[in-house]
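See structure below.
Heavy atoms only: backbone and side chains are in, while hydrogens, waters and symmetry mates are out. Protein chains get the first letters and strands the later ones, always in sequence-line order, with residue 1 at the start of each.
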Number of protein chains: 2
Amino acid sequence: MSPTDALFSRLVSGALLDDAAGAALAGIATSVERHEAGEVVVERGAPARGAFVVVDGWASRSISLSDGRRQIVNFMLPGDLFDLQVFTGRPADHTVTALTPLTTAQLDKTEMLNLFRGASPLALAFWWAAVQEEAILREQIVRNGRRSARERVAHLLLELYERLRVTGRASDDAFVLPIGQSSLADALGLSYVHVSRVLSQLERSGLIERQRMQVRLVDRPALQALCDFSTLYLDAWERTAKLG
Amino acid sequence: MSPTDALFSRLVSGALLDDAAGAALAGIATSVERHEAGEVVVERGAPARGAFVVVDGWASRSISLSDGRRQIVNFMLPGDLFDLQVFTGRPADHTVTALTPLTTAQLDKTEMLNLFRGASPLALAFWWAAVQEEAILREQIVRNGRRSARERVAHLLLELYERLRVTGRASDDAFVLPIGQSSLADALGLSYVHVSRVLSQLERSGLIERQRMQVRLVDRPALQALCDFSTLYLDAWERTAKLG
DNA sequence: CGTGACATTGAACAAAGTCAAAAGTGGTGG
DNA sequence: CCACCACTTTTGACTTTGTTCAATGTCACG
């Protein structure tokens, strides 16, 4: 039994691979690692070593807030790939932990990049965009899973501000929020009534100001502290390593 | 101003593109579409037409439960790409709605695939795995955002069952659940105390059985009905269209 | 002005969290 | 084989957070 068996059976069931490609796959899944239950496999913030396949056992991908609240973003089962963001040179925005005795196989980074050799540089750019988006989804999971209503609202406002800023649509701690509170509520997993209350309260506390569709983050540092906001998951917009 | 300006400024700030690649990018972002606020841009379940860039305006990506509860999975702002799953031939597992007057540019499907011409078939397989994973993350967002504790637990058990089944690790409505309740709680955004209560209650209702680390989904249809479980987001494991 | 969509407020209610203690479980070594 | 340990699960009482329902405001626009 090869380390890539489980992955292979997933890919085959999706009709994505033939046997030749399967052999190629097995060829790049080189070093097999074994971990005990509880062991950390990839640390948040650590530079990417390579991508991994889960050969056997269960692992979790999780993100913790600074006060200890923890959100498992998803479970990784045999055949699952992770840290496919190697392509982009980004550090991991999450921690991977073995939940049971775990066997993984590492897919070599340069081998992986070789697969893209011959493709347009745009292909990697799109890959990067997809990785980017995944990071935003993960953060959304943590936001809605382990943050209070107040924290959620603050966190979303901060994220929107940062994302809009990159394309020149926000500055001076202010931006146009062209959507109603019930859309915010649907994004945050709250009722629109409660969103209204929280926004009013943030305004009364002097953290934000609202007029029409304009929002101003009056005290951005305080907002960030309030919800434990980190730009790690967005930073890559500005600091990603160049690709070969 | 070209339709890809916002995307370009994102990619450039990540040092991913030079001007030549930017021109190539502009070359494949052909047909520009305009939508009114509230209009549906991509319908859940519809076959992929191509990938899109948001040129101007805001959109949401959302998933609704059959009783109307709605979860916005993320907001799409100018420069964001979406429906990158074209590569995989999967239908959309979510609905894209314009939140404001919206301008998008379509990236032609065959042009997109051409970018991968010359890359190994494995490159597309990895892309497919990433898309797969994103779908699971989206479902996790809906689960934790708009489902009750009872529904969440049922939904997660069903997902794990389906995912394990693909690699032969579950059958007969039963599988080994080798993790503690506090891991489940961390994944579901609940307290472990509450998870314990819910599991006990599901067992008393005759929907599941537990012994050691074994879980049996005694009445899978009822569980699926209980939490509005759809395999759409997992199905691709078995029904994805073949790639060129 | 009047109208309709969106936002705010209050009061009653429900879901899930917290705290604390008791009951299993399984592994270890005597 | 049993006693002991650490850990996980269960249960009950109580608290907190956010929801629901319903009424009231506000504002842009015809």
Specify the angle, to 10°, made by the local axes at the two ends of the helix from C:dC1-D:dG30 to C:dG30-D:dC1 when five pairs are taken at each end. 30°

Which heavy atom of A:Arg10 sits nearest to which heavy atom of B:Val166, and what is that distance? CG-CG1, 3.9 Å

Heavy-atom closest contact (A:Gly38 atom, A:Thr97 atom, distance): O-CG2, 3.6 Å

Please write out each protein N/O paired with an N/O of nucleotides 25-30 of chain D under 3.5 Å, distance rounded to 0.1 Å.
unit_1, atom_1, unit_2, atom_2, d
D:dA28, OP1, A:Arg212, NH1, 2.6

Taking atom types as modelled, is there a side-chain donor on A:Gln201 or A:Arg204 under 3.5 Å from an acceptor on the other? no

For the residue pair B:Ser148 / B:Arg150, report whether a side-chain donor-acceptor contact shorter than 3.5 Å exists. no

Of the options A:Glu139, A:Gln132, A:Glu162, A:Glu159, which is the one that meets A:Tyr233 in a side-chain hydrogen bond (donor to acceptor under 3.5 Å, both in side chains)? A:Glu159

Donor-acceptor pair, side chain of B:Arg152 and main chain of B:Arg147, under 3.5 angstrom: yes

Show which side-chain atoms of residues 184-193 of chain A pair as donor or acceptor with protein atoms under 3.5 Å away, not counting sequence neighbours.
unit_1, atom_1, unit_2, atom_2, d
A:Asp186, OD1, B:Arg146, NH2, 3.0
A:Asp186, OD2, B:Arg70, NE, 2.8
A:Asp186, OD2, B:Arg70, NH2, 2.7
A:Ser191, OG, A:His194, N, 3.3

Could you go through the side-chain contact (heavy atoms from CB on, under 4.5 Å) check for B:Asp80 and A:Arg163 one step at a time? CA-CA 10 Å; B:Asp80 283 349; A:Arg163 288 172 61 191; 2.5 Å; yes

Nearest-0.5 Å distance, CG of residue A:Leu99 to CZ of residue A:Phe75: 6.5 Å

Just by protein heavy atoms under 4.0 Å, how would nucleotides 5-12 of chain D read 5' to 3' in B, S and -? ----BBBB

Nucleotide range of DNA chain C lying under 4.0 Å from chain A heavy atoms: C:dA7 to C:dA11

Other residues, nucleotides and ligands only: do more than 12 of their heavy atoms fall within 6.0 Å of CZ on B:Arg34? no

Less than 4.5 Å apart, any side-chain heavy atom of B:Glu133 and any of A:Leu84? no

Throw together a table of side-chain donor-acceptor distances under 3.5 angstrom for residues 218-227 of chain A, partners on residues two or more places apart or in other chains.
unit_1, atom_1, unit_2, atom_2, d
A:Asp219, OD1, A:Ala222, N, 3.2
A:Arg220, NE, A:Asp173, OD1, 2.5
A:Arg220, NH2, A:Asp173, OD1, 3.2

